[in-house]
Amino acid sequence: MLTAVAGVIGALVIGAWVVVAWGSRRRQPWLWAPVALFAVALVALDLPGWSFVPLTVLAGGSFAELVVGAREHPTIRTKTPDAPLSTERWAAAVAAPFRVALAEPWDVVARPSLRRRYRRMLERQWGVVDRDSLLAAVDGLLEELRNGPSLDLVVDLKAGLARSRFPDGGADTGAMVRLTSEQVTRLRTVTGVSEGDETVMIGAYQWWKSVHVIRLVCGGATLDWLSPVETQTLLRRVASDLQRRYSSWGRLSSAFHAGYLLWPDRRVEIDEGDADRVWVALGLLDEDPRSPWNLLPWDMPLERVSFEGGVSSGQE
């Protein structure tokens, strides 16, 4: 009887460990394999009572992976480093800070292991719960970007103050943030201003919100709300807009940093801890030679997809 109970519990614990290890995409959880084999061996040697010791250890390790693995330090990871250039890959690189913040591969658009996270993020931050609400959110963001006002961020590096304003010396929008010394140093680096300059302006920074469109599309593709053709069409649309408005990855990085700094005034809610991880990820993408922002050509030709007549909100 005890052997049967140990076998059932062992199968459940080992099955849960395999699922967690596979979903984490990390090497560390697989190091528990000897513990799992030891538990199996104890049951096979007719020592079922002792098997509960390694099974308890394995269950604890799996739980720790769920907690610690999800908070792994931001890291640049690429699933297919030698993949050919493509519009999908280029667009994924635009939103790379959000994947790097999770230590997830930046070059995978549909990521099944992130289904639960995407579902939670889409509902909490955008009110998106299905295909129709996803497409409405995407259309709303694109409409806002294309028809909304262009905004500049003026940064007083000496005073450590950044304020948003309308272009050509226009009035301030009221959005303002006080910078830390580390943020001032980072802005000097990404904008390339000399040490003696006291002011820098980041133009048309509002187009950094295109990364949110890409996040929505990646979420829709992961949750099977968008077909591959719809996904490629939307990503190409965003990529084309960005290539027209910025001249390099450096310009996009500056705009992304500006958008990050004004997040306290945003409509899209995000946990403070997640925001800090995105800030770290931005620094990695700027400095690391493995970063797609340092490897992919900004002005690469964009591919045409088989159908570009738009994306319908109804099922096809």
Side-chain angles (χ1 to χ4, degrees), residues 74 76-78 85-102 104-109 138 141-142 144-146 148-155 162 164-165 167 175 177 179 183-193 200-218 234-263 266 268 270 275 277-303:
I76 294 179
R77 286 182 172 162
T78 309
L85 289 176
S86 66
T87 299
E88 187 172 289
R89 189 173 181 82
W90 192 94
V94 171
F98 292 101
R99 287 289 181 83
V100 172
L102 298 175
E104 288 278 346
W106 63 265
D107 59 334
V108 182
V109 171
V138 169
L141 262 175
L142 291 175
E144 176 185 333
L145 286 171
R146 291 170 177 170
S150 179
L151 299 174
D152 297 334
L153 187 73
V154 180
V155 185
S164 177
R165 74 177 188 188
V177 62
L179 309 176
Q183 289 171 337
V184 170
T185 301
R186 176 81 68 81
L187 286 177
R188 282 191 180 277
T189 300
V190 299
T191 57
V193 298
V200 64
M201 186 190 75
I202 301 174
Y205 77 88
Q206 81 280 2
W207 274 92
W208 86 280
K209 294 180 182 178
S210 295
V211 303
H212 290 316
V213 180
I214 296 175
R215 291 180 76 204
L216 288 168
V217 173
C218 289
L234 289 170
L235 292 179
R236 186 182 190 279
R237 188 182 302 174
V238 175
S240 179
D241 283 338
L242 285 173
Q243 282 190 339
R244 286 198 301 267
R245 284 163 177 82
Y246 297 126
S247 58
S248 66
W249 287 106
R251 295 290 186 182
L252 173 68
S253 175
S254 297
F256 208 136
H257 277 80
Y260 168 88
L261 293 173
L262 293 178
W263 265 1
R266 67 195 177 276
V268 180
I270 189 170
R277 292 169 68 87
V278 172
W279 178 257
V280 173
L282 281 170
L284 288 175
L285 286 163
D286 267 319
E287 301 166 5
D288 197 309
R290 301 170 300 160
S291 163
W293 292 5
N294 292 323
L295 294 176
L296 300 184
W298 174 263
D299 56 354
M300 62 161 278
L302 300 178
E303 304 163 308

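For this chain, numbers begin at 1 and follow the sequence in order. Predicted model, so just to flag it, every value in this text is computed and none were measured.
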At their closest point, which heavy atom of [X] faces which heavy atom of [Y], and how far apart are they?
{"X": "Leu153", "Y": "Ser164", "value": "CD1-N, 3.9 Å"}
{"X": "Pro97", "Y": "Ala281", "value": "O-CB, 3.4 Å"}
{"X": "Pro292", "Y": "Ala93", "value": "CB-CB, 3.7 Å"}
{"X": "Gly203", "Y": "Tyr246", "value": "O-CE2, 4.1 Å"}
{"X": "Ile214", "Y": "Ala95", "value": "CG2-CB, 3.7 Å"}

- Query: Asp286 and Trp249: side chain to side chain contact (heavy atoms under 4.5 Å, CB included), yes or no, with the steps?
  - Reply: CA-CA 9 Å; Asp286 267 319; Trp249 287 106; over 6 Å; no

[X] side chain near [Y] side chain, heavy-atom distance below 4.5 Å:
{"X": "Thr78", "Y": "Arg290", "result": "no"}
{"X": "Asn294", "Y": "Pro289", "result": "no"}
{"X": "Asp288", "Y": "Leu285", "result": "no"}
{"X": "Leu234", "Y": "Val238", "result": "no"}
{"X": "Asp241", "Y": "Ser210", "result": "no"}
{"X": "Cys218", "Y": "Arg215", "result": "no"}

Measuring from atom [atom1] of [X] to atom [atom2] of [Y], what distance do you get when rounded to the nearest 0.5 angstrom?
{"X": "Leu282", "Y": "Tyr260", "atom1": "CG", "atom2": "OH", "result": "8.5 Å"}
{"X": "Arg245", "Y": "Leu242", "atom1": "CZ", "atom2": "CG", "result": "8.5 Å"}
{"X": "Ile76", "Y": "Glu104", "atom1": "CD1", "atom2": "CD", "result": "14.5 Å"}
{"X": "Thr191", "Y": "Ile202", "atom1": "OG1", "atom2": "CD1", "result": "6.5 Å"}
{"X": "Leu102", "Y": "Arg277", "atom1": "CG", "atom2": "CZ", "result": "6.5 Å"}
{"X": "Met201", "Y": "Asp152", "atom1": "CE", "atom2": "CG", "result": "4.5 Å"}

- Item | Whether Arg99 side chain and Val109 backbone form a donor-acceptor pair below 3.5 Å |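 Yes, the answer is positive, given that a donor and an acceptor are paired below the 3.5 Å cut-off.
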
- Backbone N or O of Ala92 within a donor-acceptor pair of the Asp107 side chain at under 3.5 Å?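 Not a single qualifying donor-acceptor pair exists.
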
- With side chain to side chain contact (heavy atoms under 4.5 Å, CB included) as the test, would you mind laying out the steps for Glu287 and Trp293 before giving the verdict? CA-CA 9 Å; Glu287 301 166 5; Trp293 292 5; over 6 Å; no

- Pair Ser240, Arg236: side-chain N/O donor-acceptor within cut-off below 3.5 Å: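 Judged by distance alone, the side chains do not pair up.
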
- Message: Around atom CZ of Arg89, are there more than 12 heavy atoms from other residues, nucleotides or ligands closer than 6.0 Å?
- Response: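 Counting neighbours around CZ of Arg89, more than 12 heavy atoms of other residues, nucleotides or ligands fall under 6.0 Å, so yes.
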
- Query: Out of Trp208, Tyr205, Trp279, which one pairs with His257 under the side chain to side chain contact (heavy atoms under 4.5 Å, CB included) rule?
  - Reply: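 Among Trp208, Tyr205, Trp279, the one that satisfies the side chain to side chain contact (heavy atoms under 4.5 Å, CB included) with His257 is Trp279.
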
- Message: side chain to side chain contact (heavy atoms under 4.5 Å, CB included) for Arg146 and Trp207? Distances and angles first, verdict last.
- Response: CA-CA 9 Å; Arg146 291 170 177 170; Trp207 274 92; 4.0 Å; yes

- Query: For Leu261 and Val155, what are the C-alpha separation, side-chain angles and deciding distance, and is it a side chain to side chain contact (heavy atoms under 4.5 Å, CB included)?
  - Reply: CA-CA 11 Å; Leu261 293 173; Val155 185; 5.6 Å; no

- Message: Ring centroids only, cut at 6.0 angstrom: are Trp90 and Trp298 within range, meaning strictly under it?
- Response: yes

